[in-house]
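First the structure, in the form of structure tokens, and then the observations on it.
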Amino acid sequence: MLVRTLAEATGNERDVKAPNGHWRSRRLLLADDGMGYSFHITNIFAGTETYIHYKHHLESVYCIRGRGEVETIEDGQIYPIEPGTLYNLDKHDAHKLRAFEELELACVFNPPITGREVHGKDGAYPPSE
Ligand code: 9YT
């Protein structure tokens, strides 16, 4: 049994901040935990817009707190985000993530990320292997 608390992912190598200051991600489960996915609590700061395109990962994102929206680039569709919303990047969808209020999100990545990833210029994290 593996139990980990948010406190144990705070203020150490599991606690990652985006270089552009848009988000912070506390990564409770990573690839080397062996679950086959990673699990993160992510805060997206108010007033930010972030271009994201996970070419090598699928991601599910559940909103715990805050308000924002996702715009998918291909079709310009806008999906509101509020507490209780789960959005799923099942097609590796390129998107813009906007936070009108600070968002607290629970995020799952498949395949799992390894730890210190931040977005490249292309909006992606590198392949996990
Ligand atoms: C929702 C999203 O993808 N935010 C960027 C950070 C990411 N959730 C992460 O690395 O935890």
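Numbering of residues begins at 1 and proceeds along the displayed sequence. Counting starts at 1 for both ligands and their atoms, in listed order. Note that the coordinates shown come from a computational prediction; the quantities given were computed from them, not determined experimentally.
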Taking the minimum heavy-atom distance to atom 2 (C) of ligand 1, which of His22, His40, Arg27, Glu59 ranks first?
-> Glu59
Per-residue contact class, Glu117 against ligand 1 - non-hydrogen pairs under 4.0 Å | neither
Mark up the atoms of ligand 1 that fall under 4.0 Å of a heavy atom belonging to Leu97, in ascending order.
-> 1 (C)
Any heavy atom of Tyr87 under 4.0 Å from ligand 1? The part involved is side chain
Carboxylate-amine/guanidinium proximity below 4.0 Å for Arg98 and Glu69 | yes
Which heavy atom of the protein is the closest neighbour of atom 4 (N) of ligand 1, given with residue, atom name and distance?
-> Ile44 CD1, 3.8 Å
Are the aromatic rings of Tyr125 and Phe109 close, with centres under 6.0 Å apart?
-> yes
How far is atom 6 (C) of ligand 1 from its nearest protein heavy atom, and which residue and atom is that?
-> Tyr125 OH, 3.6 Å
Please report which non-hydrogen protein atom sits nearest to atom 5 (C) of ligand 1, along with the residue it belongs to and the distance in Å to one decimal place.
-> Tyr54 OH, 3.5 Å
Have Tyr54 and His95 got a donor and an acceptor in their side chains that come within less than 3.5 Å?
-> no
So, Trp23 versus His119, ring centres under 6.0 angstrom or not?
-> yes
Any ion pair linking Arg4 and Asp33 (charged N to carboxylate O, less than 4.0 Å)?
-> yes
Would you please say whether a donor-acceptor pair under 3.5 Å links the side chains of Glu102 and Asn43?
-> yes
Which atoms of ligand 1 sit under 4.0 Å from any heavy atom of Ser25?
-> 9 (C), 10 (O), 11 (O)
